[in-house]
Structure formats: structure tokens, C-alpha cells
There are 2 protein chains.
Amino acid sequence: MNTSISLDDFDRRLLRLLQIDTQRSVAAIAEAVGLSAPACYRRIRRLREEGVIEREIAIVRPRTLGWPLSMIVMVTLEREGARTIDEMIRLFALEPEVVEAWNVTGDHDLAVRIVARDMEGYDELATRLFSANEHVRSFKTLVVIRHVKPLSPVPVE
Amino acid sequence: MNTSISLDDFDRRLLRLLQIDTQRSVAAIAEAVGLSAPACYRRIRRLREEGVIEREIAIVRPRTLGWPLSMIVMVTLEREGARTIDEMIRLFALEPEVVEAWNVTGDHDLAVRIVARDMEGYDELATRLFSANEHVRSFKTLVVIRHVKPLSPVPVE
DNA sequence: TCGCAAGCGATAAAGATTATCGGTAATTGC
DNA sequence: GCAATTACCGATAATCTTTATCGCTTGCGA
């Protein structure tokens with residue numbers, strides 16, 4: 001994908017700012033990092049092209065869209081293996097309520113973050129995804145009481 | 001903050017698109033949702049002002065910036081209570097390696113997502129944040145093997 | 001030491017965003 | 001039931017932002 005991403009101090013400053021807010025005008029960003037606007041544009045474009053910036057997205061509070069409940073589900077698979085994991089990946093991809101998922105070490109194999117309209121909705125989903133799934137040996141639901149730290153920038157340098 | 005967010009079909013289409021990509025020109029978005037460009041701008045601005053769109057950010061792969069390791073840490077607190085949680089929030093806010101955290105129900109009180117340069121770096125951080133923290137009774141580290149589903153849009157309708 | 005490559009700022013050209021307008025359809029109040 | 005009001009559209013014009021082009025400086029290697 002890239003031959004050798006080398007980031008200098010300006011790039012790092014840009015990444016710090018852009019991970020917090022992509023809506024600011026580049027004029028303001030240029031001011032903040034200490035470059036001319038055109039130089040900033042060139043660098044931002046390079047960061048995008050080289051894939052350092054993976055994508056730029058809008059963050060929406062789930063609650064606002066009618067998803068007030070959030071769970072973290074710890075799943076233990078029947079026989080862990082690439083095959084089984086791949087099966088779960090395919091399944092998760094089809095379910096919009098599955099917001100993020102990780103394959104992890106430890107007692108469980110997967111950590112899955114899910115949003116729900118209500119407990120009934122969650123129950124229906126959990127049944128379909130986990131209870132009624134032959135790959136799943138067991139799962140444990142952790143209901144999110146509070147989002148204690150919102151998604152934060154990856155540290156730069 | 002808002003009196004009554006009411007979203008029609010156009011708003012929902014916009015939110016779906018913007019949660020995936022804010023970089024597309026609004027002309028293209030307008031085409032996709034079936035409105036004129038000015039109408040799209042008006043709606044997007046409204047969504048921002050009303051806080052339906054919380055913020056717009058750049059997503060960076062941690063690996064690219066030298067954070068190839070990722071952990072989910074399950075933390076059990078000494079005596080759970082608003083005071084203790086608040087203390088942990090303050091602490092997490094100061095640590096850039098803590099990328100996201102939730103207060104959850106169940107055997108543990110907190111789920112914390114952390115990035116690390118290497119195991120040594122993680123160990124140092126975990127010691128400081130958890131082992132040497134009087135509020136923390138115990139913690140369990142789940143090393144992320146694979147990011148199975150990347151951060152995905154909150155479902156709209 | 002010279003030439004080349006990388007990267008800057010300034011400016012100009014192109015493109016995107018916002019403001020303004022008149023028109024239309026839905027909603028409210030009489 | 002009908003006029004007035006409101007909400008929201010598209011089209012166009014004005015503004016602002018982004019990209020392209022240029023000539024210049026600086027650092028590096030031959």
C-alpha cells in the first residue's frame with residue numbers, strides 16, 4: 001500500500017487536529033500548525049492517499065437515532081478457528097446493530113459492541129446471533145451504564 | 001439542547017452517507033439522496049447544529065502511527081460508586097493510550113480499550129493505571145488478535 | 001561545486017459552499 | 001372552507017475554499 005510512510009512534525013500536528021475535527025477550515029488549521037494553506041492541503045491529501053488517514057466520518061450519538069441501549073457482549077466460540085471466526089465476521093457484517101467487534105485472547109473469543117432500541121430488541125438479536133448459533137458455546141452480556149471515555153484520537157508521537 | 005429532532009427520509013439518507021464518508025462532495029451526496037445541493041447543505045448544517053451529528057473526524061489506523069497492539073481491559077473497582085468512577089474518568093482523560101472506555105454491568109465495572117507500542121509499554125501503563133491504583137481491585141487484559149468489525153455507522157431507521 | 005529533488009509560499013484558476021430569491025405545497029387559524 | 005402563514009424547495013448569485021501553477025529556497029548526493 002505504501003513504501004515508507006514518514007511523518008514529520010507538521011504531519012503529526014495535522015493528524016492530531018484532524019482526528020478531533022475535520023470540519024475546521026484549512027485556513028484555521030494552517031494557522032494552527034504553522035504552514036500556508038496550500039502546504040496543508042498538499043499534506044492532508046498525501047495523508048489520505050497514503051492511507052494514514054483511513055477515512056473521514058460523521059459521529060452520531062446512537063441515542064439520538066433511537067438506540068439508547070448499548071451492550072458489550074463477550075462471546076465464547078465452540079471450536080475457535082479461522083473458519084469459525086470468519087463465519088462470525090460474515091454474520092456481524094450483516095447486522096447493523098453490531099457496531100464494532102474484536103477477536104480477543106482470554107476466556108472469551110470475541111468482544112462485540114451492540115446498540116439496541118430496548119431490551120426486547122436486544123434479546124431478539126442476541127438470540128439470533130448467539131443463542132441460536134451453533135458456533136457459539138456461550139456469551140455474556142455487559143450492559144453499558146455510561147460511556148466513560150468517548151472515542152479519542154490515536155496518540156501521535 | 002434541542003426541542004424535538006424530527007428526521008425525515010432525506011435526513012436519514014444523509015446520515016447514512018455521512019457516517020460512512022464526509023469527504024464526498026455534497027454535489028455527489030445531493031445526487032444520491034435526490035435533492036439539490038443547496039437543500040443538502042441546509043439539512044447537513046441543521047443536523048450539525050441540532051447535534052444529531054456530534055462531530056466529524058478523521059480515522060487513523062493505530063498501527064500506522066506505531067501502535068500495533070490493542071487491548072481490552074476489564075476492570076473491577078474496589079467499591080463501585082459515582083465517586084470512584086469519576087476518579088477513573090479523570091484518569092483516563094489524561095492518558096492518550098486509553099482510546100475508549102465504558103462503565104458496564106456484570107462481574108467487572110469498566111471496559112477499557114487501550115493501544116500500545118509493545119507489551120512493555122502496555123505493562124507500564126497497566127501498572128500505573130490499574131495495579132498501582134487503590135480504586136482498582138483487579139483487572140483482566142484481553143489482547144486484541146483481530147479487529148473483526150471496524151467502527152460502523154449507527155443504524156438509521 | 002553543481003545539479004537535482006523536495007517542499008515551501010504566493011498567486012491564479014477552479015470548484016464548493018452559503019445567501020438570497022421567488023415559488024409551491026402543507027398546516028394553521030379563522 | 002379558505003386565507004394566511006410557515007416550511008422548504010430549486011435556481012441563481014455571491015462568497016469562500018480548495019486545487020493548480022509558478023518561481024524560489026534548501027538540503028543532499030554525485
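Lettering of chains follows the sequences in order, A, B, ..., and the numbering in each one begins at 1. Quantities reported herein were computed from a predicted structural model and do not represent experimental measurements.
- Within 4.0 Å (heavy atoms only), B/R24 reaches no atom of the nucleic acid at all.
- Side-chain atoms of A/R43 stay outside donor-acceptor range of the base of C/dG7, with no qualifying N/O pair under 3.5 Å.
- Contact check for B/I20 versus A/I57: no side-chain heavy atoms found under the 4.5 Å cut-off.
- Residues B/T76 and B/H108 bring a donor and an acceptor atom of their side chains to less than 3.5 Å of each other.
- In this structure, A/R46 reaches neither bases nor backbone, as no heavy-atom distance under 4.0 Å exists between it and the strands shown.
- In this structure, A/V26 and A/R42 both approach DNA chain D, and ranking their closest nucleotides by distance from the 5' end singles out A/V26.
- A straight line from CD of B/Q23 to P of C/dG15 spans 17 Å, rounded to a whole angstrom.
- Between the CG atom of A/D9 and the P atom of C/dC8 there is a distance of 13 Å, rounded to whole Å.
- Within 4.0 Å (heavy atoms only), A/R45 reaches sugar-phosphate atoms of the nucleic acid but no base atom.
- Side-chain contact between B/M74 and B/L110: absent, with no pair of heavy atoms (C-beta onward) separated by less than 4.5 Å.
- Closest to the side chain of A/Y41, from the set D/dT17, C/dA10, D/dC9, is D/dT17.
- A salt bridge links B/E95 with B/R128: at least one charged nitrogen is closer than 4.0 Å to a carboxylate oxygen.
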